[in-house]
Amino acid sequence: MDWTTLAGTGLGALIGVGSTLLADRARWRRDATERSRQDRRDIYVTCLTKYRLAYEAMHATALAHQGQDTLDTAIREAFRTSGCDEVRESALICAPQEMADVLEDVYGTLRELQEIFAAGTPALDSHEFQEQRLKHGQAVWAARAAMRADLERRV
């Protein structure tokens, strides 16, 4: 029996199996990276959307309850039912730390707006309120930029 043929066949099979395993591993890693990126994207979009819904609900409630004794309670209920606390917790657990910090900054400005809405002062058309709203808007834009950078960097 010719051992050279048998050794060549065995070596060829070993190389074939090894290259298949290596290609499968690379494909699995690429797919896992894409799934992770998609999961982060979904978290980011949901978080910013819920934050926006909370702002809109509080603003509409502040307009509807202006000057009423129920303003504070109504604003806090609008914030609570917006779902932003739940999505914030999800983001803080699942997002990378630097993104969690950025989302926490946005949440902080949203809570500051909640206090302004609940107190009823300053007035919604005042310069002071517009400054606070601008601060929140800048935090949202900074978060969007950081999210885009995070999603592009890890692809």
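Computed over heavy atoms, backbone and side chain alike; hydrogens, waters and symmetry mates excluded. The chain is numbered in sequence order, starting from 1.
- Enclosure of atom CZ in Arg76 by more than 12 non-hydrogen atoms of other residues, nucleotides or ligands within 6.0 angstrom is indicated.
- At a threshold of 4.0 Å, the pair Glu56-Arg52 counts as salt-bridged, since one of the basic side-chain nitrogens sits closer than that to a carboxylate oxygen.
- At distances below 3.5 Å, at least one donor-acceptor pair connects side-chain atoms of Ser82 with backbone N or O atoms of Phe79.
- For the atom pair CG (Leu134) and NE2 (His127), the distance works out to 9.5 Å, reported to the nearest 0.5 Å.
- In the hydrophobic cluster analysis, where Ile, Leu, Val, Met, Phe, Trp and Tyr join through side-chain heavy atoms closer than 4.5 angstrom, Val87 is grouped apart from Val106.
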Between Leu103 and Met147, is a side chain to side chain contact (heavy atoms under 4.5 Å, CB included) present by the stated rule, with each step listed?
CA-CA 10 Å; Leu103 288 170; Met147 290 171 186; 3.2 Å; yes
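- Applying the 6.0 Å contact sphere to CG of Asp31 captures more than 12 heavy atoms from other residues, nucleotides or ligands.
- For Glu89, the side-chain contact (heavy atoms from CB on, under 4.5 Å) criterion is met by Leu92, not counting sequence neighbours.
- Using a distance-only test at 3.5 Å, with no hydrogens or angles considered, a donor-acceptor pair links the side chain of Thr49 to the main chain of Val45.
- Considering all non-hydrogen atoms of both residues, Ala146 and Val102 come closest at CB-CG2, 4.2 Å.
- Interatomic distance, Ser90 OG to Asp42 CG, rounded to the nearest 0.5 Å: 10.5 Å.
- Between Glu86 and Arg80, none of the side-chain N atoms (NZ, or NE/NH1/NH2) sits under 4.0 Å from a carboxylate O, so this pair counts as no salt bridge.
- Using modelled atom types, one finds no donor on one side chain facing an acceptor on the other under 3.5 Å when comparing Arg29 with Thr33.
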For Arg30 and Glu34, what are the C-alpha separation, side-chain angles and deciding distance, and is it a salt bridge (charged side-chain N to carboxylate O under 4.0 Å, His left out)?
CA-CA 6 Å; Arg30 187 175 53 248; Glu34 181 58 28; over 6 Å; no
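- Put simply, the side chain of Thr73 never gets that close to the backbone of Thr70: no donor and acceptor are under 3.5 Å apart.
- Checked against a 6.0 Å centroid threshold, the rings of Phe117 and Phe129 count as neighbours.
- His65 contributes a side-chain N or O that, together with a main-chain N or O of Thr61, makes up a donor-acceptor pair within less than 3.5 Å.
- Put simply, the side chain of Glu112 never gets that close to the backbone of His136: no donor and acceptor are under 3.5 Å apart.
- Under 4.0 Å is where a charged nitrogen must lie from a carboxylate oxygen, and between Asp39 and Arg35 no such pair does.
- Annotation: salt bridge (charged side-chain N to carboxylate O under 4.0 Å, His left out) contacts of Arg144 (sequence neighbours excluded): none.
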Could you walk me through whether Glu128 and Ile116 pass side chain to side chain contact (heavy atoms under 4.5 Å, CB included), step by step?
CA-CA 10 Å; Glu128 297 155 75; Ile116 291 171; over 6 Å; no
